[in-house]
Amino acid sequence: MRFLLAVPIIVGLTGIAHAEMRVSFEWGPTRKCFDANSPPFQISGVPEGTKHLEFRMRDNDAPKFNHGGGDVTYEGQDELPYGAFRYKGPCPPYGTHTYVFTVKAVDAKNQVLAAARAERTFPQ
């Protein structure tokens, strides 16, 4: 009985772990201090069944500040333009900060199919 319960858990975890989704971005035209337009993104390996992509940004140097993120309907695109979603853009008070975007591929049942992350300093 325990084996039967463990199989769905292992299969579910393996599905996420083996997903080859990748994401990268350039700041592009992003302006300093809370430019509300997201930077342009490149995405690959998005799993079949993905209905939307959830983006969240974190500042590694000020992790308590909530930059938020946004959701984008996924229709097979491998690039998202500048301003594809709205969020609180980078605004390091001095020097540079390292920002990390986490992107989750989500299906129609709100299940996470895969996740990827990318990081960059700002300003470059």
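Any value given below was found using the heavy atoms of this structure, including those in side chains, with hydrogens, waters and symmetry copies removed.
- For the atom pair CE (M21) and OG (S44), the distance works out to 9.0 Å, reported to the nearest 0.5 Å.
- Of the possible polar contacts, none joining the D59 side chain to the Y99 backbone as a donor-acceptor pair under 3.5 Å is found.
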Let me check something: any side-chain donor-acceptor pairs from residues 101-108 under 3.5 Å, sequence neighbours excluded? List them with distances.
unit_1 : atom_1 : unit_2 : atom_2 : d
D107   : OD1    : K109   : N      : 2.9
D107   : OD1    : N110   : N      : 3.1
D107   : OD1    : Q111   : N      : 2.8

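- The salt bridge (charged side-chain N to carboxylate O under 4.0 Å, His left out) test applied to R31 returns D35, not counting sequence neighbours.
- Closest of all the heavy-atom pairs between T30 and P39 is OG1-CB, 3.8 Å.
- With hydrogens and angles ignored, the 3.5 Å screen pairs no side-chain donor or acceptor of S38 with any backbone N or O of R86.
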Please table the atom pairs, donor to acceptor, closer than 3.5 Å between any side-chain atom in residues 47-54 and protein atoms at least two apart or in another chain.
unit_1 : atom_1 : unit_2 : atom_2 : d
T50    : OG1    : P47    : O      : 2.7
H52    : NE2    : E54    : OE2    : 3.4

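- Residues V100 and I43 do not share a hydrophobic cluster, defined by chaining ILVMFWY side chains whose heavy atoms lie under 4.5 Å apart.
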List the atom pairs, donor and acceptor, that lie under 3.5 Å between side-chain atoms in residues 68-77 and the rest of the protein, sequence neighbours left out.
unit_1 : atom_1 : unit_2 : atom_2 : d
Q77    : OE1    : E75    : N      : 2.6
Q77    : NE2    : T73    : O      : 3.1

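- Using a 4.5 Å cut-off on side-chain heavy atoms (C-beta onward), P40 and W27 make no contact.
- Remark: H67 pairs with no residue by the side chain to side chain donor-acceptor pair (under 3.5 Å) rule, at least two apart or across chains.
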Report, one line per pair, each donor and acceptor closer than 3.5 Å where one atom sits in a side chain of residues 115-124; sequence neighbours left out.
unit_1 : atom_1 : unit_2 : atom_2 : d
R117   : NH2    : E119   : OE1    : 3.0
R120   : NE     : F25    : O      : 2.9
R120   : NH2    : E26    : OE1    : 2.9
R120   : NH2    : E26    : OE2    : 2.8

